[in-house]
Chemist: 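Sharing a structure, written as structure tokens. Questions coming.
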Amino acid sequence: MPEDRLPSEPDTRGLRLVGMTFPKSFGSDNHAGVHPAVLRAIADANPGDAVAYGADVWTGEATAGLREAFGADDAFLVLNGSGANVLGLSLLLRRHEAVICAESAHINTDECGAPEQLVGTKLLTVPTADGKITPDLIAEKLSGRGDDHRSQPGVVALTQSTELGTCYTLAEMRKIADFCHASDLRLYLDGARLANAAASLDCSLAELAECADALSFGGTKNGAMGAEALIVMRPTLSADAPYLRKQLLQLSSKLRFVAAQFNALLRDDLWRINASHANAMARLLAEGAATVDGIEIVHPVQANAVFARLHPRHIAALQENWTFHVWDEGDNVVRWMTAFDTTEADVDAFLADIRSAAAS
Ligand SMILES: Cc1ncc(COP(=O)(O)O)c(C=O)c1O
């Protein structure tokens with residue numbers, strides 16, 4: 001394995017806040033830097049001019065690579081995950097239609113109402129224990145069908161891996177897809193962390209995508225600087241995508257630099273190496289934390305997130321030196337996330353502090 005494909009050594013420059021230095025962040029995979037191979041691909045794409053808005057060789061290579069990896073009809077490079085979601089939903093929805101999704105879905109909790117504002121849809125949310133929706137939960141939201149006073153469910157949106165660090169199995173996805181097809185519902189996947197799901201389930205991107213009508217594929221949390229894609233699986237859906245991408249402000253003029261990032265991630269499946277590593281670091285962290293008295297791991301660790309319950313005093317003590325989110329203040333649940341560049345040494349150092357905080 002070439003050296004630049006290995007996670008880097010712990011970087012003591014860490015996260016800087018007004019002159020203070022912190023160790024590796026467990027706050028988000030977005031806190032990580034850029035994989036060296038991605039940075040080099042951007043630099044390699046830099047010399048000389050290239051035609052803007054995607055009429056360049058890098059974009060041609062990236063879209064062909066994504067089409068092949070997903071068995072997709074087409075792929076559209078975009079700038080961020082929220083943009084990919086809004087673009088995907090706008091392709092799949094008619095004006096009077098609603099989206100069924102988990103309460104914890106990013107489209108519901110963290111996109112500032114973009115699907116409602118920009119697509120004009122309504123989100124019909126369902127509570128879940130583990131971030132995963134089921135055919136039964138979807139069925140509960142179909143009661144208003146045919147009533148012209150009610151938004152008509154048109155799309156089911158899943159997140160894979162979920163916001164709670166769990167993964168739908170391929171069988172679970174197939175079951176949901178069968179239900180959707182039988183119920184005249186289209187299926188969208190938020191794949192901001194699809195790479196982590198593919199690595200966790202040891203399956204291909206195409207296997208994850210085949211049940212969906214459209215999905216996003218995140219590069220940013222996987223070592224890119226900022227690169228996401230909307231993958232369109234059904235030929236009838238692709239025609240409108242270029243126009244909607246432009247209207248939704250997701251068409252970058254210097255698209256070659258977004259494309260170069262995907263080309264680096266797709267080369268020799270670097271995306272899978274990065275995701276497998278992040279997942280392995282989350283498992284290591286969870287296994288270590290689970291042995292500490294007073295700490296409870298609250299969701300199965302199936303991707304690169306660990307959700308743990310611990311005493312608020314211990315949370316506060318840990319936050320003096322470490323960056324992570326308190327996910328549910330009322331329930332004392334925190335989220336620890338790992339990334340492609342989290343090292344075993346980072347996890348060991350964090351675990352040592354977790355042990356001493358819990359003992360205090
Ligand atoms: C599940 C999920 N979907 C989508 C996104 C996209 O976010 P952004 O628009 O910040 O790229 C995120 C980012 O945290 C996410 O966690």
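Both ligands and their constituent atoms are indexed starting at 1 by order of listing. Each residue takes its place number in the sequence, starting with 1.
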Chemist: List the closest protein heavy-atom neighbour of atom 10 (O) of ligand 1: residue, atom name, distance to the nearest 0.1 Å.
Modeler: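 Result for atom 10 (O) of ligand 1: Ser82 OG, 4.4 Å.
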Chemist: Provide the number and element of each atom of ligand 1 under 4.0 Å from a heavy atom of Arg193.
Modeler: 16 (O)
Chemist: Does any N or O of ligand 1 fall below 3.5 Å from an N or O anywhere on Gly81, backbone included?
Modeler: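 For ligand 1, there is an N or O atom that lies under 3.5 Å from one belonging to Gly81.
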Chemist: Before you tell me yes or no, could you show the steps for Trp336 and Phe350 under ring pair (Phe, Tyr, Trp, His ring centres under 6.0 Å), namely the whole-Å CA-CA distance, both residues' side-chain angles and the distance that decides it to 0.1 Å?
Modeler: CA-CA 10 Å; Trp336 298 326; Phe350 190 33; 5.2 Å; yes
Chemist: Output all residues satisfying ring-ring contact (aromatic ring centres under 6.0 Å, His included) with Phe70, sequence neighbours left out; order by chain, then residue number.
Modeler: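 So Phe70 forms a ring-ring contact (aromatic ring centres under 6.0 Å, His included) with Phe217.
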Chemist: Relative to the heavy atoms of Ala192, which atoms of ligand 1 are at a distance of less than 4.0 Å?
Modeler: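 With Ala192 as reference, the close atoms of ligand 1 come out as 2 (C), 3 (N), 4 (C), 5 (C), 15 (C).
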Chemist: Please state which protein non-hydrogen atom is closest to atom 7 (O) of ligand 1 and give its distance, to 0.1 Å?
Modeler: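 The answer is His106 CE1, 3.6 Å.
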Chemist: Would you mind checking which non-hydrogen protein atom is closest to atom 13 (C) of ligand 1, with the distance to 0.1 Å?
Modeler: Lys221 NZ, 2.6 Å
Chemist: For Thr159, take its heavy atoms, then give the atoms of ligand 1 lying under 4.0 Å from any of them.
Modeler: 1 (C)
Chemist: Phe340 and His277: ring pair (Phe, Tyr, Trp, His ring centres under 6.0 Å), yes or no, with the steps?
Modeler: CA-CA 6 Å; Phe340 74 93; His277 178 80; 8.4 Å; no
Chemist: Using only atom types and a distance under 3.5 Å, with no angle test, would you say the side chain of Thr338 pairs donor to acceptor with the backbone of Ala278?
Modeler: yes
Chemist: Below 4.0 angstrom, N of the basic side chain to O of the carboxylate: do Asp44 and Arg40 qualify?
Modeler: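 No, this pair does not count.
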Chemist: Taking side chain to side chain donor-acceptor pair (under 3.5 Å) as the test, write out the residues that go with Glu207, two or more places apart.
Modeler: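 For Glu207 the side chain to side chain donor-acceptor pair (under 3.5 Å) partners, ignoring immediate neighbours, are Ser204.
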Chemist: Test Arg193 against Asp29 for side-chain contact (heavy atoms from CB on, under 4.5 Å), laying out the working first.
Modeler: CA-CA 10 Å; Arg193 296 189 183 87; Asp29 36 13; 2.7 Å; yes
Chemist: Counting only nitrogen or oxygen atoms and a 3.5 angstrom limit, does Glu163 reach ligand 1?
Modeler: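 No; the residue has no nitrogen or oxygen that sits under 3.5 Å from a nitrogen or oxygen of the ligand.
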Chemist: Taking only non-hydrogen atoms of Asp190, do any sit less than 4.0 angstrom from ligand 1?
Modeler: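 Asp190: in contact with ligand 1 (<4.0 Å).
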